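Please read the structure below before turning to the comments.
Values below: all heavy atoms of this structure, side chains included; hydrogens, waters and symmetry mates excluded. In this text the structure is predicted, and so the values were computed from the model without any measurement.
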There are 2 protein chains.
Amino acid sequence: MATMKEIADAAGVSQATVSRVLNDGPKVGRATRERVKSIIKELNYRPNANARALANSRSDAVGVVIADLYEPFFAALAHGVETVARKHDTQILISGGSIGLEHEQKAIGTLLSHRCDAMVVHSKSLPDGQLIELAREVPGMVLINRFIPEIASRCVWLDNQAGGRLMAEYMIRQGHTKLAVISSDFPIDDPLHRIAGIQEALAAANIDLPEVNIEYGPPNQEGGEAAVQNLMSKGADFTAVLAYNDAMAAGAMAMLLDHGFDVPREVSVIGYDDILLAKYCRPKLTTLRYPIEMMASKATELALQYAQGILPSEDTTYKYQPTIVKRDSVRKI
Amino acid sequence: MATMKEIADAAGVSQATVSRVLNDGPKVGRATRERVKSIIKELNYRPNANARALANSRSDAVGVVIADLYEPFFAALAHGVETVARKHDTQILISGGSIGLEHEQKAIGTLLSHRCDAMVVHSKSLPDGQLIELAREVPGMVLINRFIPEIASRCVWLDNQAGGRLMAEYMIRQGHTKLAVISSDFPIDDPLHRIAGIQEALAAANIDLPEVNIEYGPPNQEGGEAAVQNLMSKGADFTAVLAYNDAMAAGAMAMLLDHGFDVPREVSVIGYDDILLAKYCRPKLTTLRYPIEMMASKATELALQYAQGILPSEDTTYKYQPTIVKRDSVRKI
DNA sequence: TTGTAGGCGTTATCAG
DNA sequence: CTGATAACGCCTACAA
């Protein structure tokens, strides 16, 4: 592939000049500029991004660390990043996380190697300390779905506890008092926060949540199915299921239906996330909207800004609130 | 961030030596190697990927061109690529396509700038010629979901016509003779191929498909809903719907159910792709499995191999076949 | 307005 | 086994 030097020679100018027209650099003769441009076109020249990154000691790709592109939730996240990246004419370098300390470390290492100036990191395993240090090293790093007080302005996160509270309050308002909770057994904080929120609402309404009415499992459809099955085996008594996420909720509904329980007539179910599937499944799932795509876009904007040295106006904070999306899986009793 | 020179100085050796231990280069004194390694660890050094790419004139990231990370289908594709990439310790550089000639051109341009030696391209808008040329320039380029005879060994694709035939044959075997087809109005070949397959099966069974029983729309849920609505408005007579993809099928089912038609008792529906949603929706969708993730993995393996100069054993071809996944949305009549 | 020259961090070729 | 040194392709003062 043609290099800058070849263009320069062909145009009878110096590399410096070519570089200038490439970057809309200052003051290049109109004629020269045109000539160079046409040659560039003609030779089908493309600046070498690597060389450029080297010289600038900054890459134009925004780095992304996420666990799994297949999960609709992460896909939405990636999409949010991609949308903004495209607007800014940069690409995204995805470094597969997959939950787990080592994976995340490696993923971040890769991004560091590439000298991404902006990065959007979804990390659940890394300890706060390491992330704080990373934040110091990389001005353009922002965390998504995690809050660390020391680097508050680098965090774009959701108020999970409020979410838990919301879903419980909603069920209570619908007349439910016998709740079951199916949560995730992943070793991260989100489940805890959500349950804390649920307990909060329950306490306020003076409702008890028996230990047997709580089940944990992998946060996917199978986990939801298994959880409901366990609940039934234990003879748990409930009219409403609060799920950790939509996938579990869908699994729960499937299992309930398979066992002859009508949803929502006999049992109400509420999810969390509002991924695509919530609209598709039957009955349509009532759930909590997790504006992950919007959040991801925001995070990317921030990362890009910070990387450019534009710092947050103050100790601004980026906490998002989940909201209820009413569909057909909850019924008033 | 520390550079190689700093490491070299700190270890009292030359850069060349450091470079050698980094790349497990030939013959470095055992003692030296250990010393350098420890210093590297100590200074938390990371080789600069950009510099390395420059020197090698090859990047270690596999480039990916896809339209939209949000679509579950593409998410699965991306996931397939990512899985293989990770195994090979490389990252993926995603360049947003979004269907459309210009977007795709730009996306590819970006990848070229980065000198990705391996790339997996999903392009529906670019003309054959351009892709063929690209294949010449970039040995490690492979096309996914598209077949171009001139570069057959670079194509990993699905037999869409066979898919169309399969779905129609299946419905016919279930006793259906009054079929409706809802297809995509995107200007790409896939819909045509699938319909061709359907017609083929119909012809073989001597069944007629009235023009009014075919509807086109955007290949998503809304498109599916609208299509069914149009079908009903036109008073089309059918007991089975063959959808372009699962999203349309889901939309169709939703609309059918909303209008009081029991699926599959009164109307059977079959989808295409077998994305996650097919399992989640109710009734569970009978559909055609599009092994996109497997195909994406294969494409990535190929791209990586070709990039390394390992050429296909012959004029091998990578045509995949869709298969029927029976669930609950089709009924024998 | 344009050219010269040095540097960015690695790799690779030669010598020693 | 190890050390100079010249690329790699581009950017950016500094001159002219």
Rounded distance (Å) that lies between atom P of dC1(D) and atom CD of Glu34(B): 14 Å
Any Thr32(B) side-chain N or O less than 4.0 Å from OP1/OP2 of dT2(D): yes
Neighbour count >12 (heavy atoms, 6.0 Å) for atom CD, Glu137(A): yes
Distance flag, aromatic centroids of Tyr290(B) and Tyr320(B), threshold under 6.0 Å: no
Short side-chain N/O contact from Thr17(B) to OP1 or OP2 of dG3(D), under 4.0 Å: yes
Donor-acceptor pair between Glu301(A) and His88(A) side chains, under 3.5 angstrom: yes
5'-most by nearest nucleotide on DNA chain D - Lys5(A) or Val13(B): Val13(B)
Contact state string [nucleotides 11-16 of chain C, B base, S sugar-phosphate only, - no protein heavy atom under 4.0 Å]: BBB---
Sugar-phosphate, base or nothing in reach of Arg115(A), heavy atoms under 4.0 Å: nothing
Distance, rounded to the nearest Å, where Met1(A) contributes CE and dC8(D) contributes P: 16 Å
Nearest-nucleotide pick for Asn48(B), side chain only, options being dT1(C), dG9(C), dT4(C): dG9(C)
Interatomic distance where CG belongs to Asn50(A) and C1' belongs to dA7(D) [whole Å]: 16 Å
Distance, rounded to the nearest Å, where Asp9(B) contributes CG and dG3(D) contributes P: 11 Å
Whole-Å distance separating the CD atom of Glu6(B) from the P atom of dG9(C): 8 Å
Other residues, nucleotides, ligands: >12 heavy atoms within 6.0 Å of Lys124(A) NZ: yes
By side chain to side chain donor-acceptor pair (under 3.5 Å) - contacts of Lys298(B) (at least two apart): none
Side chains of His79(B) and Asp68(A), donor plus acceptor under 3.5 Å: yes
Glu82(A) and Gln91(A): side chain donor to acceptor below 3.5 Å: no
Atom-pair distance (CG on Leu54(B); C1' on dA6(D)), nearest Å: 14 Å
